[in-house]
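Read the structure below first, then the notes.
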Amino acid sequence: MPFDDKKGLLIALEQAKQSYSQGGIPIGSCIISPDGKVLGRGHNERIQKGSAILHGEMSALEDAGRLPGKTYKNCTIYTTLSPCNMCTGAILLYGIKRVVMGENVNFQGAEALLKANGVEVINMDDEGCKEIMSKFIKERSTDWNEDIGE
């Protein structure tokens, strides 16, 4: 039985809320194996850790630890926001074939690149994901612009 995408997105959204409560950027992610095991979860920690690269997806990959590359091939990565170029690159590097995102209204990343490389991209158009990101952008636009490289 396939893993429920709503449950995966809920894990990612919980991570986004955790980041927001820590003063960080509210983007969360998790990686789920085909049998429903959470391999890694994380949230954007650029502010909390002074990191240049710890976006939500990167944090989830870091949390998964060192795994054989083949482990990722049939996994799904859940993210509350459309993946940026950096996170898209990591998804492609590890051969993750399925991305489920919460929304792409507040930011649209490299979805076309993912699709062009055979990755299934699903947009859940989730109100909770849109709301927390929109709130953050209004409150802290300077931090948001820094996060997306502007």
Side-chain angles (χ1 to χ4, degrees), residues 1-136 144 147-149:
M1 180 172 169
F3 191 77
D4 182 347
D5 286 339
K6 289 181 183 177
K7 289 181 183 176
L9 190 59
L10 182 59
I11 293 168
L13 184 54
E14 288 169 356
Q15 288 292 310
K17 289 175 181 177
Q18 182 179 343
S19 184
Y20 185 78
S21 73
Q22 296 170 349
I25 298 164
I27 302 169
S29 182
C30 65
I31 304 164
I32 308 290
S33 69
D35 63 357
K37 180 180 177 193
V38 178
L39 298 179
R41 66 181 80 210
H43 53 268
N44 189 305
E45 296 180 278
R46 291 189 69 248
I47 291 171
Q48 297 94 312
K49 293 189 174 181
S51 170
I53 62 166
L54 278 179
H55 282 192
E57 299 91 335
M58 303 298 274
S59 179
L61 284 163
E62 179 74 14
D63 185 59
R66 186 175 172 195
L67 299 171
K70 66 181 180 180
T71 303
Y72 299 104
K73 303 297 185 223
N74 294 309
C75 290
T76 298
I77 190 163
Y78 294 86
T79 178
T80 55
L81 190 65
S82 180
C84 72
N85 289 333
M86 176 177 66
C87 296
T88 291
I91 290 165
L92 294 175
L93 175 69
Y94 287 105
I96 297 171
K97 296 291 184 215
R98 192 164 182 269
V99 174
V100 176
M101 64 182 155
E103 62 111 343
N104 66 358
V105 172
N106 287 295
F107 175 79
Q108 186 165 6
E111 295 169 36
L113 181 58
L114 288 167
K115 291 175 185 176
N117 281 275
V119 177
E120 179 184 7
V121 178
I122 298 167
N123 183 358
M124 300 290 282
D125 196 33
D126 182 83
E127 289 303 317
C129 293
K130 288 189 275 191
E131 185 179 299
I132 194 169
M133 198 68 237
S134 175
K135 180 180 178 185
F136 177 82
W144 171 240
D147 193 65
I148 57 174

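- In this structure, Gly102 and Cys129 approach most closely via the heavy-atom pair CA-SG, 3.8 Å.
- The only option from Asn106, Leu13, Ile132, Asn44 that meets the side-chain contact (heavy atoms from CB on, under 4.5 Å) definition with Ile27 turns out to be Asn44.
- Here the closest heavy-atom approach between residue Cys30 and residue Gly8 is recorded as SG-O, 3.4 Å.
- Aromatic ring orientation, Tyr72 versus Tyr94: tilted (interplanar angle from 30° to 60°).
- In this structure, the side chains of Leu92 and Leu113 come closer than 4.5 Å at one or more pairs of heavy atoms.
- One finds the NE2 atom of His55 at 11.0 Å from the OG atom of Ser19 (value rounded to the nearest 0.5 Å).
- Counting only residues at least two apart or in different chains, salt bridge (charged side-chain N to carboxylate O under 4.0 Å, His left out) contacts with residues 54-81 are absent.
- Rounded to the nearest 0.5 Å, atoms CD1 (Ile32) and CG (Leu39) are 7.0 Å apart.
- Note that the CD1 atom of Ile47 and the CD1 atom of Ile25 stand 4.0 Å from one another [nearest 0.5 Å].
- Proximity of Met58 to Cys87: side-chain heavy atoms (C-beta onward) are separated by under 4.5 Å at one or more points.
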**Q.** Test side-chain contact (heavy atoms from CB on, under 4.5 Å) applied to His43 and Glu14, step by step
**A.** CA-CA 9 Å; His43 53 268; Glu14 288 169 356; over 6 Å; no
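- Side-chain atoms of Asp125 and Lys130, non-hydrogen and from C-beta on, do get closer than 4.5 Å to each other.
- Within the 4.5 Å cutoff, no side-chain heavy atoms of Thr80 are placed close to those of Glu103.
- Here Thr79 contributes atom OG1 and Leu9 contributes atom CG; the two are 8.5 Å apart, rounded to the nearest 0.5 Å.
- Annotation: Gln22, atom CD; neighbour count of heavy atoms from other residues, nucleotides and ligands within 6.0 Å is above 12.
- Shown here for Pro26 and Tyr20, the closest heavy-atom pair between the two residues is CB-CB, 3.9 Å.
- Between Ser59 and Gly42 the shortest heavy-atom distance is OG-CA, 3.4 Å.
- Remark: the backbone N or O of Pro68 is paired with a side-chain donor or acceptor of Thr71 at under 3.5 angstrom.
- Counting all heavy atoms, side chain and backbone alike, Gly128 lies closest to Asp126 at N-OD2, 3.0 Å.
- Asn117 places no side-chain N or O within donor-acceptor distance of the main-chain N or O of Val119, the cut-off being under 3.5 Å.
- For the atom pair CG of Leu10 and OH of Tyr78, the computed distance is 11.5 Å after rounding to the nearest 0.5 Å.
- Formation of a donor-acceptor pair under 3.5 Å by the Arg46 side chain with backbone atoms of Leu54 is not found in this model.
- Interatomic distance, Thr88 OG1 to Glu111 CD, rounded to the nearest 0.5 Å: 8.5 Å.
- The two residues Ser33 and Cys75 have their closest heavy-atom pair at CA-SG, 3.8 Å.
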